[in-house]
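Values below: every heavy atom of this structure, side chains too, minus hydrogens, waters and symmetry copies. Keep in mind the model is a prediction, meaning the values are calculated, not measured.
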Amino acid sequence: MQLRYNYRAYPDAAQRRALAQAFGCARVVWNDCLRDRKEAHAAGLPYVTSADLSRLRITQAKRTEERAWLADVSAVVLQQSLRDLDTAYKNFFDSINGKRQGRKVGPPRYKSKKDTRQSIRLNTNAFCLQENGTVYVAKVGNLKVKWSRRLPAAPTSLTVTKDSCGRYFLSFVVDTEPDILPGLEAESGIDLGLSAFAVLSDGRKIDSPRFLRRAEKKLKRLQRELSRKARGSKNRAKARIKVARQHARVADRRRDFHHKASTQIIRDSQAVYVEDLAVSGLGRTRLAKSVYDAGWSAFVGMLEYKAVRHGRTFARVDRAFPSSQVCSACGFRDGPKPLHVREWTCGACGTVHDRDHNAARNVLFEGRRIVAAGRTETPNASQSAGKTRTKVPAQRVEAGSPRKGQKTQAGIPGL
């Protein structure tokens, strides 16, 4: 499977200028090629192929006076930008034709130099790892890297990213074997919430850290200072970076919490079942800030790819399943209940239920039913479990994340 490893990089002033030039050249090639295809489509002409764009917008453009500076960066950066545009068009066409699962994907859009995130992508021809711990990037130099952990294998690609607060990251994609954990008997159903971040079917509760709520006081002050600065001034740029850094701290803390919680759940459970929540819909309600502060989608995504990586079973329970209305003791459906009702008594058997714990137990039972019905298989159901190499598209956020919208049908690395 493919894993992605992120490391913080510390380029010097000359390297930052070289990276800024590489970001700009990759953006220009993207915009030029996108413009050619849009103009051809508007004129009713055939789709412009990648070979024609590469010859016109990269090879021949370097010989012109207005695009001569494209030769100052590595050609790999420019070619990868064109390949990324091809991928964006493919995702758009697959989404229209129904070949791509999940949300509908829109057509590619132009990039701006004012975008908060800039990145370039390189293959093995344009970078290499040095013995002194630095990473050589073509026409940039040896970048100093903070190695928080070792790479398990030689990387196949590298993405250099600059975020909104000016930090640089190196993201390596590595092909490696799944790390299958020893089998367990325990299974977990998870009910996600706001008062408690997650309640497990065995009664354990994970408190909600509410990182954004805790940082709101400082964020309000920094936002006021930013709004008072004149547009286009250097002081406004400094104030914007302060706000971006504070938001980055909140996001980093939330991501670290998600990784620790999801890893612990995967290690303690052979099978994990979670409700498929409509986060985008809840994000349009009065609970929007709390919902996005919890980060349910990122957490569930981590559970999903870690289950694949470690040979666990993972299943999503349909969001229409009435987990909060059914008694987990006798199965009697007691009807919908408002959110302020946190404890209720079953009208059939008289059992007193904690709302979240009861929902987690119902998610566990429904997840087991899904597995038994064959919609999701367990790792032990296949002799090739943990042996077959699988290609899982590596996302930037963390190693081995599956593509958003792609369902994990089982915790079997061979699928």
Side-chain angles (χ1 to χ4, degrees), residues 184 186-211 254 257-283 285-304 306-307 312-346 349 351-372 375-376 407-408 411:
L184 299 172
E187 297 180 345
S188 296
I190 303 176
D191 178 69
L192 300 175
L194 298 178
S195 57
F197 175 75
V199 178
L200 277 64
S201 54
D202 57 5
R204 288 181 294 167
K205 287 189 176 183
I206 301 176
D207 295 330
S208 180
R210 300 179 180 178
F211 294 106
R254 184 188 297 114
F257 165 75
H258 286 166
H259 277 300
K260 291 178 178 178
S262 59
T263 300
Q264 189 64 42
I265 291 174
I266 291 296
R267 287 178 177 175
D268 295 343
S269 307
Q270 181 63 33
V272 178
Y273 311 112
V274 64
E275 189 175 7
D276 186 16
L277 297 173
V279 178
S280 59
L282 293 172
T285 65
R286 60 185 179 86
L287 302 175
K289 183 181 291 187
S290 298
V291 169
Y292 287 126
D293 189 14
W296 292 334
S297 295
F299 177 72
V300 173
M302 291 178 187
L303 287 174
E304 189 171 4
K306 289 179 182 180
R312 302 306 200 198
T313 301
F314 178 87
R316 295 175 185 259
V317 174
D318 190 83
R319 64 189 61 171
F321 176 70
S323 59
S324 298
Q325 304 179 24
V326 178
C327 173
S328 59
C330 66
F332 176 72
R333 185 166 179 173
D334 211 6
K337 302 165 185 64
L339 288 177
H340 70 270
V341 177
R342 310 312 303 173
E343 189 175 280
W344 57 281
T345 303
C346 177
C349 63
T351 305
V352 179
H353 292 293
D354 176 82
R355 180 192 182 105
D356 297 331
H357 184 210
N358 177 74
R361 286 173 54 84
N362 286 328
V363 169
L364 172 64
F365 299 149
E366 179 66 11
R368 286 174 175 172
R369 189 193 66 79
I370 293 174
V371 172
R375 290 165 54 189
T376 301
K407 297 293 185 180
T408 297

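- For the atom pair CG (Leu282) and OG (Ser290), the distance works out to 11.0 Å, reported to the nearest 0.5 Å.
- Within a 6.0 Å radius of CZ in Arg267, other residues, nucleotides and ligands contribute 12 heavy atoms or fewer.
- Across Leu277 and Arg319, no two heavy atoms sit closer than the pair O-NH2, 3.7 Å.
- Put simply, OG on Ser262 and CD1 on Ile190 are 9.5 Å apart, with the number rounded to the nearest 0.5 Å.
- Judged by distance alone, the side chain of Arg355 and the main-chain N or O of Val341 form a donor-acceptor pair under 3.5 Å.
- Between atom CD of residue Glu275 and atom CZ of residue Phe321 there is a gap of 8.5 Å, rounded to the nearest 0.5 Å.
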Would Leu200 and Ser269 count as a side-chain contact (heavy atoms from CB on, under 4.5 Å) if you check the C-alpha gap in whole Å, the side-chain angles of each, and the deciding distance to 0.1 Å?
CA-CA 11 Å; Leu200 277 64; Ser269 307; 5.6 Å; no
Apply side-chain contact (heavy atoms from CB on, under 4.5 Å) to Val317 and Phe365, showing your working.
CA-CA 10 Å; Val317 174; Phe365 299 149; over 6 Å; no
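- Among pairs with a residue in residues 328-339, those fulfilling side-chain hydrogen bond (donor to acceptor under 3.5 Å, both in side chains) read Gln325-Arg333, Ser328-Asn358, Ser328-Arg361, at least two apart in sequence or across chains.
- Within the model, atoms CG of Asp207 and CZ of Phe257 stand 8.0 Å from one another, a figure rounded to the nearest 0.5 Å.
- Between Asp293 atom CG and Phe197 atom CZ the span is 10.0 Å, to the nearest 0.5 Å.
- Residues Glu366 and Asn362 have side chains that never bring a donor and an acceptor to within less than 3.5 angstrom of each other.
- Side-chain N/O atoms of His259 and Lys306 include a donor and acceptor closer than 3.5 Å.
- In this structure, CZ in Arg368 is found 7.5 Å from OG in Ser201, a value given to the nearest 0.5 Å.
- Using modelled atom types, no side-chain atom of Thr263 and backbone atom of Lys260 make a donor-acceptor pair closer than 3.5 Å.
- Across all non-hydrogen atoms, the minimal contact from Ser195 to Asp356 is OG-OD2, 4.1 Å.
- The two residues Phe314 and Val300 have their closest heavy-atom pair at CZ-CG1, 4.0 Å.
- Thr351 and Cys349 make their closest contact through OG1-SG, 3.0 Å (heavy atoms, listed as atom of the first residue, atom of the second, distance).
- Note on ring orientation: taking the six-membered ring where Trp is involved, the planes of His258 and Phe299 are tilted (angle from 30° to 60°).
- Under the 3.5 Å distance criterion, the side-chain polar atoms of Arg312 are matched with a main-chain donor or acceptor of Ile266.
- Nearest heavy-atom pair across Val199 and Ala360 is O-CB, 3.3 Å.
- The ring pair (Phe, Tyr, Trp, His ring centres under 6.0 Å) check on His353 picks up Trp344, with sequence neighbours excluded.
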Is there a side-chain contact (heavy atoms from CB on, under 4.5 Å) between Asp354 and Lys205? Walk through the geometry before answering.
CA-CA 12 Å; Asp354 176 82; Lys205 287 189 176 183; 4.0 Å; yes
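- Taking the side chain as every heavy atom from C-beta outward, Ile206 and Ile265 approach each other to under 4.5 Å.
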Start with the C-alpha gap between Glu187 and Val371, add the side-chain angles, then the distance that decides, and say whether side-chain contact (heavy atoms from CB on, under 4.5 Å) holds.
CA-CA 12 Å; Glu187 297 180 345; Val371 172; over 6 Å; no
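- Closest approach of Cys346 and Cys330 over heavy atoms only: SG-SG, 3.6 Å.
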